Each structure stands twice: as C-alpha cells, then as structure tokens.
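Beneath this line is the structure, given in structure tokens, with notes to follow.
Just so we're clear, the structure is a prediction, and the values are computed from it rather than from any experiment. Sequence positions, counted from 1, serve as the residue numbers for this chain.
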Amino acid sequence: MTDTTTRTWNRTYRGPAGTGAPRLAALLGVHRDEATPQQVLETERFDTDDHRLSAADIRLTLHRGGEEQDQWHLDLPDGDEAEQLRVPLAPDAGATPEVPAELQELIRGVVRDRAVRPAGRIRRVRTETRLHGDADRLLAVVVHDDVTLATLGRATEVEAWTEVELHRAEADNALITELENRFAESGLRPAAPAAEEELERLLRPAPKVRKRRSGPRGSAGAVLLDYLAAQADRLAAEELRVRRGGPDSVHQLRVASRRMRSALQAYRPLLDRRRTDPIVDGLRELGQELAPARDAEVLHERISDGLAGLPPELLLGPAQAQMTRHFARVEAEATAAVLTALDGERYATLRTAIDALLERPPLTKRAARPARKELPALVARTAKRLEDAVGIATDPAAPADHRDAAVHTARKAGKRLRYATEVAESVAGKDAKRFAKSLKGFQSALGEHQDTVVAREALRELGSLAHPAGENGFSFGLLYGRDAARAEQIERELPELWATAWSRRNRRWLR
C-alpha cells in the first residue's frame with residue numbers, strides 16, 4: 001500500500017555550476033506542473049575593509065529581487081527576532097546605495113573611522129516549479145537556483161554552483177523518491193544550504209591571537225587579560241544596546257567600563273602604566289558622561305515609588321505630574337549627551353586603545369608569576385584602600401557633610417575591591433567568592449546611602465520649582481526628610497556591617 005504521509009519539509013541538493021534543471025515531466029501522480037517566471041535575487045553584504053562587522057557577529061545586508069520589497073537587514077549578535085532590523089530601500093537609491101542613517105547610527109561604535117562598503121554578494125537566478133496532483137492539490141515545489149557568490153573589495157573570490165530545494169507539501173513517499181532519483185541523475189546530491197555560510201566563511205577575518213610578552217597559561221597576566229577581554233566584549237555589546245535604547249543598557253555599559261577600569265587600577269603592577277593609564281582616564285571620563293543618564297533613571301524610579309507609597313492625605317498638589325515633566329526633560333538631555341559621547345573622538349580613541357592593549361598587551365615581568373599567588377596579594381592592596389576609607393566613613397566625630405563624601409569614597413573603593421576580587425575568583429576559588437559575598441551587604445548599604453544623597457538633591461530642586469509654579473512642594477519635602485533619616489540610619493549600621501564583612505575568616509585568603 002502506498003504511504004500518503006503529508007509531512008511538510010524542505011531538502012536541499014547541490015551540484016556543479018551549470019547543472020540543468022532536473023526532468024519533471026511524467027512524474028507519478030502529477031497531473032499538472034506550473035513554472036513561475038525566472039527571478040534574480042541578490043543579497044549584498046556590507047562591511048568595512050577589515051570586516052569589523054563580521055568579527056562582531058553583525059550582518060548588514062541589502063536584499064533585492066523577489067516578491068518582497070527591496071530592503072536592508074541588520075542582524076545583531078543576540079539572534080533574537082526583536083534584534084533584527086528591516087529598513088526599506090529608498091526608491092531612488094541607485095545601484096550603489098548609502099546605508100540608511102538609522103542603521104549607520106547603530107553600527108558606528110563598531111566600524112568607528114572605517115567606511116562601510118559592499119563586501120560580498122550572493123546572486124541567485126531562480127526558477128520555481130509547482131507540482132499539482134488530482135483536484136489540483138499542491139504536492140511539492142521544486143526551486144532551482146544558479147548561485148554565484150563573490151567577495152568584493154581588495155580581495156575577490158568567486159564561487160558558483162547549482163542548488164535545488166525540494167519543498168514537500170502533500171506528496172507521498174513514492175513521488176519524493178522518484179524526484180530524488182531524477183535529482184541524482186542530474187548530478188545533484190543532498191547538501192545543507194550553503195550560500196550564506198560560504199560568504200560568512202570568506203568574510204570572517206582570522207581570529208586575532210593575543211601576543212603575551214611573558215608568562216605561561218595560569219600566569220597572573222593571562223588571567224587578567226582574559227577578564228579584560230570579556231569586559232571589552234561586554235562594552236561593545238552594551239554600547240550597541242544603548243544606541244538602540246535598550247532597557248538598563250546605560251547602567252550595564254557603565255558597569256562594564258567600571259569593571260575594566262577597576263581591574264586596570266587594582267592590577268597596575270602587571271601592565272605598563274604608560275599604556276594603561278590613558279585607558280583608565282578614558283574609562284573614568286566615559287563613566288562620568290554616562291552618570292547623568294543612569295542617575296536620572298534611578299532617581300525617577302526612586303521618587304516615583306516614594307510618591308506612590310505616600311498616603312493620599314500626604315500627596316499634595318500635582319506632585320506626580322511635576323516629577324514626570326521634570327524627568328522627561330532631564331532624561332532626554334542625558335540620553336542625548338550619552339549618544340554624543342559615544343559618537344565622539346575620545347570614545348573612538350578609547351576603544352582603539354583597548355583593542356591595542358588586548359592585541360599587544362604590555363605585560364611586566366611580574367605578570368609572568370603564578371596567578372594563584374600574585375592576584376590575592378594585589379587584591380589585598382586594594383582591600384587596604386577600602387579599610388582606610390571605611391575608617392573615615394565610620395568616624396562618629398566627622399561632620400555630617402564630610403561623612404557623606406567619606407561614605408561615597410568608601411563605596412567607590414568597595415566597588416574596585418569587588419571587581420578586583422572577580423578577577424581572582426578563577427584561581428582563588430571559594431575563598432574569593434565567600435569574600436565577595438561577605439562584602440555584598442556592606443556594599444549595598446553604601447550604595448543606598450549614595451542614592452539618598454543624590455535623591456535629596458533632586459527632591460530639593462523639585463520642591464524649589466513647585467512654589468514659583470503655584471504648586472505644593474510638601475510631598476517632596478516629606479520624601480527628603482525620609483531619605484535624610486535613612487542616611488543617618490545607614491551610617492549607624494555601617495560599623496556592624498563592616499565588622500561582619502571584614503572578619504579575619506573572610507580575609508584569610510589575602511596575602
């Protein structure tokens with residue numbers, strides 16, 4: 001009995017260039033075949049001359065021909081459908097169109113000073129034949145492509161072959177077997193779809209080998225470089241998300257820059273400071289440029305939650321509306337400033353310097369020492385900085401305004417210590433992880449204290465703006481008082497939190 005299973009699937013077959021279309025006449029069970037007009041489909045890949053987009057797993061392509069409108073595709077590394085952008089090709093674009101401005105903006109941080117030009121092209125001359133059975137049921141579709149693949153630019157390679165796709169609809173196994181036999185007679189063999197993968201292979205640059213001046217695997221320098229490379233990748237990924245307006249992207253970009261800066265500072269003896277100090281300065285400037293946007297985001301959420309938590313009788317005047325208007329302006333200005341900074345020459349110089357550092361790391365002799373011994377010793381030095389800062393922050397005799405600054409200094413020292421400990425976790429193991437965990441509560445308290453300091457400044461501004469506008473600033477004053485009280489409470493709790501975090505058991509791995 002004939003198997004009439006009707007599972008839908010596609011299969012691809014490949015043969016030499018010039019392989020003619022397989023014979024499709026007099027097929028068992030086929031009552032009518034319908035050939036569509038020949039089509040020319042082109043996929044043109046754009047990149048820099050050194051293939052920076054390909055190296056970053058970003059694909060910028062222009063698709064022409066076929067039933068759909070000609071359009072640009074920008075596929076980002078995430079692979080999520082939401083991260084795939086489509087922009088129609090302008091009707092007057094011409095033979096060599098410019099990349100749309102909205103796509104140029106997104107890839108600017110990757111290409112930097114390099115021009116984006118056509119780098120490769122896939123051309124398909126396509127003929128499609130539909131096979132119908134009784135009652136005009138669609139049984140299968142045979143798509144025949146003459147494929148030509150070419151790289152463009154300084155180095156040119158051309159490949160050509162024939163590709164046939166079989167799309168099964170309601171065909172039974174007997175018809176599929178007969179079709180495959182005829183494909184084989186024509187010189188076609190089963191294969192995976194190849195054009196996009198072949199072009200990717202030709203365009204992808206060879207992986208760069210980091211040159212280490214000294215030190216075997218497991219050396220302090222090798223571990224540090226692995227960490228710095230991971231943060232450089234994170235920096236690039238988050239910059240792309242910032243340009244797209246991704247949630248929390250400014251914060252994550254700032255965290256990546258702070259991690260890299262902290263590692264360079266904590267492990268200065270392992271690298272030549274003549275190369276690293278300019279990068280540290282550039283990362284510090286980047287953090288300062290990102291800070292207003294991040295602060296505005298945090299403050300907006302904190303004050304909005306504070307107002308929402310007030311009893312109705314204490315929420316006087318249009319406080320929520322006033323706050324919304326205020327932060328709409330502040331956040332718009334801060335976001336514009338961030339994009340200006342990312343498009344600026346200083347940021348481009350910073351990214352170039354980071355790339356050069358990873359490609360040609362200026363390791364010192366000390367970097368060749370075993371990481372399991374050298375890294376804990378350098379973390380201990382960073383830990384001493386935090387200990388000194390906490391001594392000032394927890395001094396009850398210090399004036400209140402001095403304590404705010406001292407707590408902020410301790411918070412920055414704590415972050416540097418936390419990120420320095422991250423570098424060492426791969427060689428120090430559980431001891432380093434326990435140490436980092438023990439600092440978490442203390443660090444969270446320092447962070448909340450700083451949030452109250454920044455929030456009070458914003459609340460004072462909102463309250464001062466309310467009166468001239470004929471509105472009531474009482475609710476902002478109430479939140480100000482709450483934050484001031486919370487700051488004082490944290491200051492009282494700090495000595496105990498510090499004693500817990502700084503116990504001898506937690507620090508025993510430091511040398």
Side-chain angles (χ1 to χ4, degrees), residues 210 212 214-235 251-252 254-271 276 279-280 283 287 357-358 361 363-391 393-394 409-447 494-511:
R210 293 185 199 136
R212 295 192 171 97
S214 61
R217 182 176 296 276
S219 66
V223 174
L224 175 60
L225 285 174
D226 286 343
Y227 183 86
L228 293 175
Q231 300 316 311
D233 291 344
R234 191 72 256 159
L235 199 74
H251 173 56
Q252 294 304 325
R254 195 178 179 200
V255 168
S257 67
R258 188 184 292 125
R259 277 191 163 105
M260 178 174 283
R261 175 162 59 94
S262 296
L264 290 172
Q265 290 172 316
Y267 296 102
R268 273 179 172 141
L270 305 183
L271 295 165
T276 60
I279 295 176
V280 169
L283 290 168
L357 179 75
L358 295 173
L363 295 172
T364 65
K365 290 182 179 179
R366 191 170 176 179
R369 297 176 184 175
R372 58 186 176 80
K373 292 184 177 181
E374 191 65 21
L375 298 187
L378 293 173
V379 175
R381 190 179 68 167
T382 303
K384 183 64 170 61
R385 292 172 57 93
L386 175 60
E387 186 177 26
D388 294 342
V390 171
T394 56
T409 299
R411 174 172 171 264
K412 291 190 292 184
K415 285 188 175 182
R416 183 187 297 187
L417 176 58
R418 185 177 64 180
Y419 298 142
T421 303
E422 279 184 359
V423 180
E425 282 183 3
S426 63
V427 294
K430 294 181 180 178
D431 288 339
K433 291 180 180 179
R434 181 174 59 248
F435 180 64
K437 186 177 181 180
S438 71
L439 288 171
K440 187 175 181 179
F442 180 73
Q443 189 69 29
S444 295
L446 293 176
L494 282 180
E496 183 177 349
L497 289 170
W498 176 246
T500 300
W502 206 243
S503 69
R504 184 177 298 275
R505 177 174 179 269
N506 289 334
R507 290 183 288 129
R508 68 186 181 187
W509 68 287
L510 301 174
R511 301 179 178 86

Shortest non-hydrogen contact from [X] toward [Y]:
X	Y	value
A410	A389	CA-CB, 3.8 Å
A256	R234	CB-CG, 3.9 Å
A501	L439	CB-CD2, 3.9 Å
A266	P269	O-CD, 4.4 Å
V423	V223	O-CG1, 3.6 Å
Q443	R411	NE2-O, 3.0 Å

Within the distance-only criterion (no hydrogens, no angle test), does the side chain of [X] pair as donor or acceptor with the backbone N or O of [Y] below 3.5 angstrom?
X	Y	answer
N506	K437	no
Y267	A420	yes
T382	L417	no

How long is the straight-line distance from [atom2] of [Y] back to [atom1] of [X], given to the nearest 0.5 Å?
X	Y	atom1	atom2	answer
L357	L363	CG	CG	8.5 Å
D226	L358	CG	CG	10.0 Å
L228	L235	CG	CG	11.5 Å
L264	Y419	CG	OH	14.0 Å
R372	S219	CZ	OG	12.5 Å
K412	L446	NZ	CG	12.5 Å

Checklist entry - If we only count heavy atoms from C-beta on, is the F442 to V390 side-chain gap below 4.5 Å? => result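 In contact.
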Checklist entry - Looking at side-chain heavy atoms only, is the closest gap between W509 and K430 below 4.5 Å? => result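 In short, these two side chains do not touch, never coming nearer than 4.5 Å.
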Next on the checklist: Check this for me: R385, atom CZ, are more than 12 non-hydrogen atoms of other residues, nucleotides or ligands nearer than 6.0 Å?
Outcome noted: no
Item to check | Residues Q265 and R416: side-chain donor-acceptor under 3.5 angstrom | outcome: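 Q265 vs R416: donor-acceptor pair found between side chains.
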Checklist entry - Got a salt bridge between R434 and D431, using NZ or NE/NH1/NH2 to carboxylate O under 4.0 Å? => result yes
Next on the checklist: Once side chain to side chain donor-acceptor pair (under 3.5 Å) is applied, what residue pairs with a partner in residues 254-264 remain, sequence neighbours excluded?
Outcome noted: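 Pairs touching residues 254-264 that pass the test: R259-E422.
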Item to check | Intermediate values then yes/no, side-chain contact (heavy atoms from CB on, under 4.5 Å), Q231 and L283 | outcome: CA-CA 12 Å; Q231 300 316 311; L283 290 168; over 6 Å; no
